[in-house]
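Structure record follows, encoded as structure tokens.
As the structure is a prediction and not an experimental result, all values here were calculated from the model. Residue numbers begin at 1 in each chain, while the letters A, B, ... track the order of the sequences.
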Amino acid sequence: MSSLLQDLQARGLIADMANREELERLLAPGAPPLTVYVGFDPTADSLHLGHLIGLLILRRFQLAGHRPIALAGGATGMIGDPSGKSAERNLLSVEALEANIAGIQAQLSRLLDFESTTNPALLVNNADWMRPISILDFLRDIGKHFSVNAMMAKDSVRSRMEAASGISFTEFSYSLLQAYDFLHLNETHGCVLQAGGADQWGNITAGIDLIRRKTEQVACGLTTPLLTKTDGTKFGKTEGGAIWLSPERTSVYRFYQFLIQVEDAQVIQLLRYFTFLPLEEIAALEAQHAAGPERREAHKQLALELTTLIHGEAATADAVRASEILFGGSLEGITEKQFHEVGAEVPNVTLSRTLLGQPGAGLLEVLVAAGLSPSKGQARKDVEAGGVNINNVRATDAKLVLSPEHLLFGEFVLLRKGKRNYALVRFETELTPTEGW
RNA sequence: GGGCAGAUACCCAAGUGGCCAACGGGGGAAGACUGUAAAUCUUCUGGCUUUGCCUUCACAGGUUCGAAUCCUGUUCUGCCCA
């Protein structure tokens, strides 16, 4: 077996393979580079952690000398994949899809090398070949090769057929479109392998079948396990929503913290999935973790590796430093420079300095203004439960009004709710009081 | 088109004239114990100027001293018949 496949397998990244023998032959030592593609639905202007496994598969292939193609589903995104969805999707407008693709492209370039002279990555948009095709041509050339009987047997389709709401013809046809993508990439780029999450199995094999019928070529498929948390819910989602790769949507600090806070039971698996650390190194971390889980070396390494990969070294270093300070306990002795680094990583709110000592600077009001509590009633409960800290000192009085002696470095108050929800409030001199505050 | 059932807080779900801001479960928040983990335990989970007050039980009216609960109409959902 090729070292690439071996590595993927050892990392637990292979859920299933289609035409395994052929794939092993294509990846055998000395074989020429192959072309692999992974598709992404551009449902937002940023990718999130859920997309990352697929992206990293492409990166792994590229690092092994192969040619990765990232396919943005500009066309298929207009339809919506029924796989793994319980309900019919909302359709996106063309403009929204294009904006999303532009956003995603920027993120891809961090992970894939588009400039390489030997095996550059490629970003394609399936709208480019889907739009021009006429419905008659599609039905004749593509639809002809599919049996409705077989399509109805698919889990994703059958479960929706049994449900009361049913499935639209549009979504029913989805796998034909994805199959056509694979065929198209096979014909134009010699792509012989499609990878994706385990939920993509049916769509991938549909493409392989289509390629075989049209060209008599044996194409291959590879699926990765779906990542879930140990409670079965989706990985990479928090109450606040998905963990995005774009720092505008999820701050580097939050991204780093999300990984630091990963459950123990998962951290080793995530190291294997998401990092490029050699397996021996991961095994060493596993041993370290088992010996002293409270040191959380594996978590730190995971967060460091992945945050660096996505956000770069400088931003990661800031997030690490901010984390050390925020979770290091007292703010005693912190320098102004350090404090500013922390401030950059947590949500910021600016209030007028004239409020200090006034009712508008009441602790409850400020908690709501800072977004830490949804209402004053809730803020009151948070304080009474002992969950609110001012400058890392527990606040016990709900009637407390912030005054100049609470300020750090003359203008800041660092609020914390619970263990890890921080907000930096800045009392600025020049600011005109905002309505109501 | 006809008949039946239902609509309660983030979700599920009790309540069928006053004791109801509304049982219970899930989810969420905070605290304790820890390690920024898991498990466990405790408290909270409509709003507020919080020993009290205000607004809620699909919507609009009505009966009543008093309605989530009774009546009328409307909208929506599910099921059955055509």
Side-chain angles (χ1 to χ4, degrees), chain A residues 86-88 162-166 227-241 243 250-271 285-286 288-304 306-307 316 319-331 342 345-347 358-390 392-401 414-423 436-437:
Chain A
S86 50
E88 189 86 7
E162 283 160 7
S165 54
L227 242 193
T228 55
K229 290 193 278 191
T230 46
D231 61 6
T233 56
K234 257 198 183 132
F235 178 80
K237 301 257 177 183
T238 64
E239 316 75 56
I243 300 295
T250 300
S251 78
V252 179
Y253 170 75
R254 280 219 154 272
F255 186 91
Y256 178 83
Q257 280 292 319
F258 175 82
L259 294 165
I260 281 281
Q261 289 162 7
V262 149
E263 300 165 56
D264 283 19
Q266 265 201 314
V267 67
I268 300 302
Q269 182 193 33
L270 294 178
L271 278 165
L285 282 167
E286 188 169 11
Q288 270 186 53
H289 177 73
E294 72 284 356
R295 286 198 307 275
R296 311 172 62 263
E297 297 296 339
H299 290 81
K300 286 180 190 162
Q301 196 63 34
L302 171 69
L304 184 68
L306 197 44
T307 312
T316 303
V320 171
R321 230 166 312 162
S323 295
E324 280 167 358
I325 291 165
L326 289 175
F327 289 95
S330 164
L331 292 179
V342 169
E345 300 295 343
V346 304
Q358 304 293 314
L363 180 55
L364 303 182
E365 276 80 2
V366 176
L367 281 169
V368 174
L372 287 178
S373 301
S375 71
K376 278 201 268 180
Q378 186 59 47
R380 186 185 308 276
K381 285 163 193 159
D382 292 335
V383 174
E384 282 165 1
V388 172
N389 290 53
I390 302 171
N392 271 359
V393 177
R394 178 176 285 185
T396 48
D397 180 12
K399 293 200 172 74
L400 181 88
V401 173
L414 186 66
L415 292 175
R416 189 181 96 210
K417 190 192 78 162
K419 265 185 192 167
R420 52 201 180 206
N421 305 304
Y422 279 91
W437 300 106

For [N], give the paired nucleotide (Watson-Crick: N1-N3 plus N6-O4 or O6-N4; G-U: N1-O2 and O6-N3; both under 3.5 Å), or none.
N: B/A82; result: none
N: B/A9; result: none
N: B/U50; result: none
N: B/A32; result: B/U40

Pairs under 3.5 angstrom, nitrogen or oxygen only, protein versus nucleotides 32-36 of chain B, please.
residue : atom : partner  : partner atom : Å
B/A32   : OP1  : A/Arg394 : NH2          : 3.1
B/U34   : N3   : A/Lys419 : NZ           : 3.3
B/U34   : O4   : A/Lys419 : NZ           : 2.1
B/G35   : N1   : A/Asp264 : OD2          : 2.7
B/G35   : N2   : A/Asp264 : OD1          : 2.6
B/G35   : N2   : A/Asp264 : OD2          : 3.3
B/U36   : O2'  : A/Arg296 : NH2          : 3.2
B/U36   : O2   : A/Gln257 : OE1          : 2.6
B/U36   : O2   : A/Gln261 : NE2          : 2.8
B/U36   : N3   : A/Gln257 : OE1          : 3.0
B/U36   : N3   : A/Gln257 : NE2          : 3.2

A/Arg416 and A/Asn392: side-chain hydrogen bond (donor to acceptor under 3.5 Å, both in side chains), yes or no, with the steps? CA-CA 7 Å; A/Arg416 189 181 96 210; A/Asn392 271 359; 3.1 Å; yes

Measure [atom1]/[X] against [atom2]/[N] and give the value in whole Å, please.
X: A/Asp382; N: B/U43; atom1: CG; atom2: P; answer: 17 Å
X: A/Leu270; N: B/A38; atom1: CG; atom2: P; answer: 14 Å
X: A/Glu384; N: B/A29; atom1: CD; atom2: C1'; answer: 14 Å

Between [N] and [M], how far apart are the two [atom1] atoms, rounded to whole Å?
N: B/U63; M: B/C71; atom1: P; answer: 15 Å
N: B/C12; M: B/A21; atom1: P; answer: 24 Å
N: B/U55; M: B/C44; atom1: P; answer: 25 Å
N: B/C19; M: B/A29; atom1: C1'; answer: 30 Å
N: B/G6; M: B/G15; atom1: C1'; answer: 16 Å
N: B/G78; M: B/G31; atom1: C1'; answer: 43 Å
N: B/U72; M: B/A5; atom1: P; answer: 13 Å
N: B/A13; M: B/G17; atom1: P; answer: 22 Å

Let me have a per-nucleotide readout for nucleotides 47-52 of chain B, 5' to 3', with B, S or -, counting only protein heavy atoms under 4.0 Å. SSSB--

Once the angle between the rings of A/His289 and A/His299 is folded into 0 to 90°, is it parallel (under 30°), tilted (30 to 60°) or perpendicular (over 60°)? tilted

Under 4.0 Å, counting only non-hydrogen atoms across every strand here, what does A/Asn389 touch: a base, just sugar-phosphate, or nothing? nothing

Any side-chain heavy atom of A/Thr307 within less than 4.5 Å of one from A/Val320? no

Return a table of donor-acceptor pairs under 3.5 angstrom between the side chains of residues 368-380 of chain A and protein atoms on other chains or two or more places apart.
residue  : atom : partner  : partner atom : Å
A/Ser373 : OG   : A/Asp382 : OD2          : 2.9
A/Ser375 : OG   : A/Gln378 : N            : 3.1
A/Lys376 : NZ   : A/Glu365 : OE2          : 3.1
A/Gln378 : NE2  : A/Asp382 : OD1          : 3.1

Would you find a donor on one side and an acceptor on the other, under 3.5 Å apart, between the side chain of A/Arg296 and the backbone of A/Ile260? yes

Taking the side chain from A/Tyr422 and the backbone from A/Leu326, do they hold a donor-acceptor pair closer than 3.5 Å? yes

